Amino acid sequence: MESLLAEGVDTIFGYPGGAIMPTYDALYDYTDRIEHILVRHEQAAAHAAEGYARVSGKVGVCLVTSGPGATNTISGIADAMVDSTPIVVIAGQVGAKYLGTDAFQECDIVDVTQPITKWAYQIQRAEDVAWAVSRAFYIARTGRPGPVVLDFTKNAQTDIVEYIPQRVNFIRSYVPVPKTCATSIRQAAELINRAERPLVLVGHGVEIGGAQEQLRQFIERIDAPTGCTMLGLSALPSEHPLNVGMLGMHGSLSSNKQTQKCDLIIAVGMRFDDRITGNVATYASQAKKIHFDIDPAEIDKNVKVDVAVLGDCAQTLPAVMALLEPKKHQEWRDSFRPYAEEEDRLVIQPQAYPKEGLLRMAEVVRCVTEKTANKAILVTDVGQNQLIAARYFRFSEPRSIVTSGGMGTMGFGLPAAIGATYGAPGRTVCLFIGDGGLQMTIEEFGVLMEHRVPVKIILLNNNFLGNVRQWQYLFFKERYSFTPMNNPDFERLASAYDIPSRTVSDRYDLDAAIDEMLATDGPYLLQCAVMPLDNVLPMCFPGNNVDDMILEI
Amino acid sequence: MFYTIYIFSENVPGVLNTVTNVFTRRSLNIESIDAKPCADIPDVHLYAITTICEPELVRIVTRQIQKKVDVIAAYAYSTQDEQAHGALFYQHLINRVRRFLAERTLDELNARNPEPMV
């Protein structure tokens with residue numbers, strides 16, 4: 001516990017069990033300094049730690065027992081790895097002398113998690129605890145952040161040793177921030193100064209690096225249109241005049257069209273995921289490319305670039321900017337407008353401002369973001385709820401989107417939202433979730449009930465696994481194989497957990513229902529009965545060129 | 001093309017597993033593997049793993065191995081590269097790692113004694 005306090009831990013999400021009982025016994029004496037949230041399933045502990053970490057910038061911690069307790073965290077660990085989220089998972093383990101004997105609840109969690117962690121380590125001696133904990137936090141939070149697993153044998157928990165504080169801030173074999181090559185700075189500046197049609201792509205790395213202000217100055221200096229990946233959406237205010245919207249499969253028409261017309265791509269803290277590039281063979285093949293990243297392994301991984309600027313983007317962006325001539329690219333910027341207008345006419349107006357017909361997902365998102373003055377934290381689950389929320393929620397503050405980007409983990413939303421409320425206690429947390437995803441971790445209603453956690457749940461209920469259904473519609477001849485959902489009465493479920501709720505199916509009730517939700521202290525479930533067969537548009541079909549988007553079906 | 005990736009690591013359990021995971025994920029066969037303490041650098045282990053793959057992929061795989069926390073350095077060479085260095089190849093390799101470790105020693109000193117703000 002002293003090792004955790006030394007790392008600034010104030011919150012733990014966890015679930016006790018046999019092999020971690022000594023640690024829980026110690027925690028009992030520290031509840032005045034460390035708040036423990038008892039989740040109802042270990043998967044939720046990992047996702048809650050992720051939510052906490054993503055909004056606070058601190059390391060999220062979860063504490064679980066051995067065997068199934070540890071394996072239940074795996075979805076969250078993998079999710080944290082792909083989305084560069086710093087969490088430390090402390091898992092109990094059988095005593096060292098029982099290792100390898102198939103003892104009760106023994107699982108080789110180090111071996112299991114090595115491919116999906118930055119570091120996984122088994123603590124076998126009490127003497128190693130302070131060192132291992134400090135090393136775990138150092139690795140999790142530095143460089144490109146990620147998950148660390150500490151496999152904590154029972155004897156190491158029970159043996160008595162004197163606590164000697166340790167502070168790991170250097171590991172010989174681990175270079176968290178690579179040295180920036182001066183040549184790359186100069187070459188990047190030369191390319192940018194020559195560019196006539198630059199396009200900046202902003203990823204999660206800008207948020208992680210706390211480089212939002214450096215980014216704003218950078219793009220304003222070169223007057224470059226800027227698109228954001230889903231995890232990078234709140235790195236730049238939605239209303240910034242250079243923001244041309246989300247990139248990729250369900251991104252804005254203008255950013256995707258102009259990706260194929262720009263003469264320079266400047267990618268900052270993003271990894272050219274296939275959901276961003278579409279057909280990688282044709283992706284921006286006409287353009288030079290600069291890639292700012294902290295992780296050398298990302299360079300040329302998916303897309304070959306002309307210049308790689310390694311390092312912390314909070315440092316490298318200003319270094320390049322110092323060599324840049326102020327530019328105006330008005331004509332280039334204006335060329336985005338016809339596409340934005342076309343998308344507004346064919347997609348945004350019908351979906352977000354409908355006058356008749358069934359309630360639509362986009363109008364619910366639009367109403368919520370308007371009523372929170374674009375200041376709330378958006379947490380999403382995965383699927384249509386996520387894509388629509390990402391498209392229509394607006395952001396004015398950094399670290400305001402928590403979503404499962406790389407892994408697309410259904411069930412992420414509710415526990416991550418719980419974690420977000422602890423990571424950013426002063427902010428409104430709005431969770432958009434579907435009827436499928438909610439039922440994957442619905443047991444966490446228990447946490448909402450127990451702690452009155454102020455998560456505002458907006459359930460977009462279409463009685464379908466909506467995104468899979470959309471793909472079945474598009475690519476599988478409308479054969480809706482196991483996507484219709486036979487759902488429970490969610491309001492009665494909420495009621496059983498003492499969570500106030502309301503269902504809206506008529507758009508004329510929507511405003512008042514959202515007002516009621518936001519005015520209610522603690523948790524709230526707003527169920528929106530939305531159009532069952534609604535689709536997320538625009539869409540670039542998988543494998544197609546990124547500018548090959550459909551706006552209507 | 002045949003490549004050998006030379007991996008210098010800390011002497012801790014589990015490193016080899018983290019390294020071979022990178023090959024498994026890409027469905028790359030390991031044609032041969034040699035793992036032993038590095039005779040010329042104390043407390044460092046050396047793995048030489050030979051695989052067949054395209055040049056682009058070997059570059060990506062080597063970077064992903066290099067990224068592992070307990071891997072000190074990873075370098076990939078084709079058979080032709082090694083032949084070009086001739087008898088001096090091993091010494092060339094060791095010198096690269098020694099240079100890297102010398103730089104890291106300086107980094108460690110800086111981490112312990114950060115530059116004064118003013």
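Quick note: numbers below take in every heavy atom, side chains included, and nothing from hydrogens, waters or symmetry partners. Small disclaimer: the values here were computed from a predicted structure and weren't measured. Each chain gets a letter, A, B and so on, in the order the sequences are listed, and its residues count up from 1.
Of the atoms belonging to B:Val44, it is side-chain heavy atoms, and not backbone ones, that fall under 4.5 Å from chain A. Contacts of A:Val110 with chain B are absent, with no heavy-atom separation under 4.5 Å from either backbone or side chain. With a 4.5 angstrom heavy-atom cutoff, B:Glu108 touches chain A via backbone and side-chain atoms both. When heavy atoms are compared at a cutoff of 4.5 Å, A:Asp111 approaches chain B by way of both its backbone and its side chain. When heavy atoms are compared at a cutoff of 4.5 Å, B:Val69 approaches chain A by way of both its backbone and its side chain. Residue B:Phe8 does not touch chain A at all, counting heavy-atom pairs closer than 4.5 Å.
The choice from B:Asn17, B:Leu57, B:Val12 that makes the most heavy-atom pairs within less than 4.5 Å of chain A is B:Asn17. Between chain B and the options A:Arg144, A:Arg135, A:Gln122, A:Lys118, heavy-atom pairs under 4.5 Å are most frequent for A:Arg135. Residue with the most contacts toward chain A among B:Ile65, B:Leu101, B:Asp70: B:Asp70 (heavy-atom pairs, distance under 4.5 Å).
Considering CD of A:Glu298 and CZ of B:Arg63, their distance stands at 10.5 Å, rounded to 0.5 Å. Atom OG of A:Ser173 and atom NZ of B:Lys68 lie 12.5 Å apart (nearest 0.5 Å). For the atom pair A:Tyr174 OH and B:Gln66 CD, the distance stands at 13.0 Å (nearest 0.5 Å). Taken to the nearest 0.5 Å, the CG atom of B:Asp107 stands 12.5 Å off from the CZ atom of A:Arg172.
Residues B:Gly14 and A:Gln114 come closest through the heavy atom pair O-NE2, 3.3 Å.
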> Does the salt bridge (charged side-chain N to carboxylate O under 4.0 Å, His left out) test come out yes or no for A:Asp300 and B:Arg59, once each step is laid out?
Replying inline: CA-CA 9 Å; A:Asp300 294 340; B:Arg59 204 167 294 139; 5.8 Å; no
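Residues A:Ile171 and B:Glu10 form no side-chain contact, since every pair of their non-hydrogen atoms from C-beta on lies 4.5 Å or further apart.
Counting non-hydrogen atoms of neighbouring residues, nucleotides and ligands closer than 6.0 angstrom, the OH atom of B:Tyr75 exceeds 12 such neighbours. Environment of CZ in B:Arg25: sparse, with no more than 12 heavy atoms of neighbouring residues, nucleotides or ligands closer than 6.0 Å. Within a 6.0 Å sphere centred on CD of B:Glu54, heavy atoms belonging to other residues, nucleotides or ligands number 12 at most.
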